[in-house]
Amino acid sequence: MRKSYKGILLGLLLAVIYTACIPEGAEYVDELDIVYTNYSEDFNFTSQNTYSVPDRVIKITGDEIDGEEGFEPEFIDPVYSATIIASIRSNMNALGYREVDKSANPDLIILPSALQTDQVFFYYDWWYWNWYYPGWGFGWGWYYPGYFPPQVSRVRTGTVFLQMTQPSGISASDKIPVVWSGIMNGLLEGSRDQIATRITNGINQAFNQSPYLAK
């Protein structure tokens, strides 16, 4: 399955335009950070108890890939992966969820990825997650019940994406529901310390502006 994002989220565009209109512009790259979240209003988050998250973060290159059994994609720098995953765990644990192994049938699986190229259109299909999502065969993919993710035609290098999926909610057409998503735009720029701080702040903000996730 190929998931394409076309067009651009109006809020992101207006924020960038507003920043560009500030006299002399932004002085620091973190002043351009934008956090966007969306979710399924019909999904009952309070009834979910466990979650799982990979120990690595996929690098989206925009290149078409052909998955096969045992396929693994590229991953971002382990230093940045550790910060992203630690931030996810910290927030999920604070909300009252308990982390379990992917083999323990978690209620939720959170899939982090990062775009490390700057282009007009991008996609990443289900093969990217074939190495982590157990037990799924050819033809499965994502769907967004009750909402649609942001329409993105251009994102800055280093944008971080989070997809919260519900494995047990697979549809008759072999689609796994994505019940919450977050985009942190342009976080993998600057020094390592700056990047770590911005990643943590961005992911914290994504969870802070999603109070419906709390149990």
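Model, not experiment: these values are computed from the prediction. By convention here, the first residue in the shown sequence is residue 1. FYI, side chains are in, hydrogens and waters are out, and symmetry mates aren't considered; it's all heavy atoms of this structure.
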Got a sec, which residues hit side chain to side chain donor-acceptor pair (under 3.5 Å) with [X], two or more places apart in sequence or on another chain?
X: Ser171; answer: Ser173
X: Asn201; answer: none
X: Ser52; answer: Tyr132
X: Tyr97; answer: none

Could you tell me which non-hydrogen atom of [X] sits nearest to which non-hydrogen atom of [Y], and how far apart they are?
X: Ile76; Y: Ala114; result: CG2-CB, 3.9 Å
X: Leu111; Y: Trp129; result: CB-CZ2, 3.4 Å
X: Phe207; Y: Leu162; result: CE1-CD1, 4.4 Å
X: Pro112; Y: Ile84; result: CB-CG2, 4.0 Å
X: Val53; Y: Ile85; result: CG1-CG2, 4.1 Å
X: Gly182; Y: Thr37; result: CA-CG2, 4.1 Å

Criterion side chain to side chain contact (heavy atoms under 4.5 Å, CB included) on Trp131 and Phe75, from CA distance to verdict:
CA-CA 12 Å; Trp131 69 280; Phe75 301 95; 3.5 Å; yes
ring-ring contact (aromatic ring centres under 6.0 Å, His included) filter on Phe43, not counting sequence neighbours, yields Phe45
The ring-ring contact (aromatic ring centres under 6.0 Å, His included) partners of Tyr51 (sequence neighbours excluded) come to none
Between [X] and [Y], is there a donor-acceptor pair closer than 3.5 Å when you use the side chain of the first and the backbone of the second?
X: Lys215; Y: Thr46; answer: yes
X: Thr50; Y: Val100; answer: no
X: Ser87; Y: Thr83; answer: yes

- Query: Where do Ile58 and Phe161 land on the side chain to side chain contact (heavy atoms under 4.5 Å, CB included) test, with the steps shown first?
  - Reply: CA-CA 10 Å; Ile58 283 177; Phe161 299 86; over 6 Å; no
Which distance, rounded to the nearest 0.5 Å, do you find between the [atom1] of [X] and the [atom2] of [Y]?
X: Met184; Y: Ile199; atom1: CE; atom2: CD1; result: 9.0 Å
X: Ile88; Y: Ile203; atom1: CD1; atom2: CD1; result: 5.0 Å
X: Gln205; Y: Asn91; atom1: CD; atom2: CG; result: 10.5 Å
X: Gln163; Y: Trp142; atom1: CD; atom2: CH2; result: 6.0 Å

Sorted by chain and residue number, the side chain to side chain contact (heavy atoms under 4.5 Å, CB included) partners of Asn105 (sequence neighbours excluded) come out as none
Sorted by chain and residue number, the side chain to side chain contact (heavy atoms under 4.5 Å, CB included) partners of Pro145 (sequence neighbours excluded) come out as Ser40, Tyr143, Pro177
Begin with the C-alpha distance, continue with both residues' side-chain angles, and end with the deciding distance and a verdict on side chain to side chain contact (heavy atoms under 4.5 Å, CB included) for Gln48 and Met164. CA-CA 12 Å; Gln48 313 304 307; Met164 182 183 290; over 6 Å; no
(message) Is the distance between the ring centroids of Tyr212 and Tyr39 under 6.0 Å?
(response) yes
Self-check item: Close aromatic pair by centroid cut-off 6.0 Å: Tyr144 and Trp180
Solution: no
The complete set of salt bridge (Lys or Arg N to Asp or Glu O under 4.0 Å) pairs with one or both residues in residues 47-57, sequence neighbours excluded, reads Arg56-Glu72
In short, salt bridge (Lys or Arg N to Asp or Glu O under 4.0 Å) pairs touching residues 100-115 with sequence neighbours left out are none
>> Within the 3.5 Å criterion, strictly below it, is a donor on Asn38 or Tyr36 matched to an acceptor on the partner's side chain?
In response: yes
*Could you walk me through whether Tyr133 and Ile176 pass the side chain to side chain contact (heavy atoms under 4.5 Å, CB included) check?*
CA-CA 11 Å; Tyr133 239 95; Ile176 298 171; 3.6 Å; yes
For Arg89, the salt bridge (Lys or Arg N to Asp or Glu O under 4.0 Å) test, sequence neighbours excluded, returns Glu99
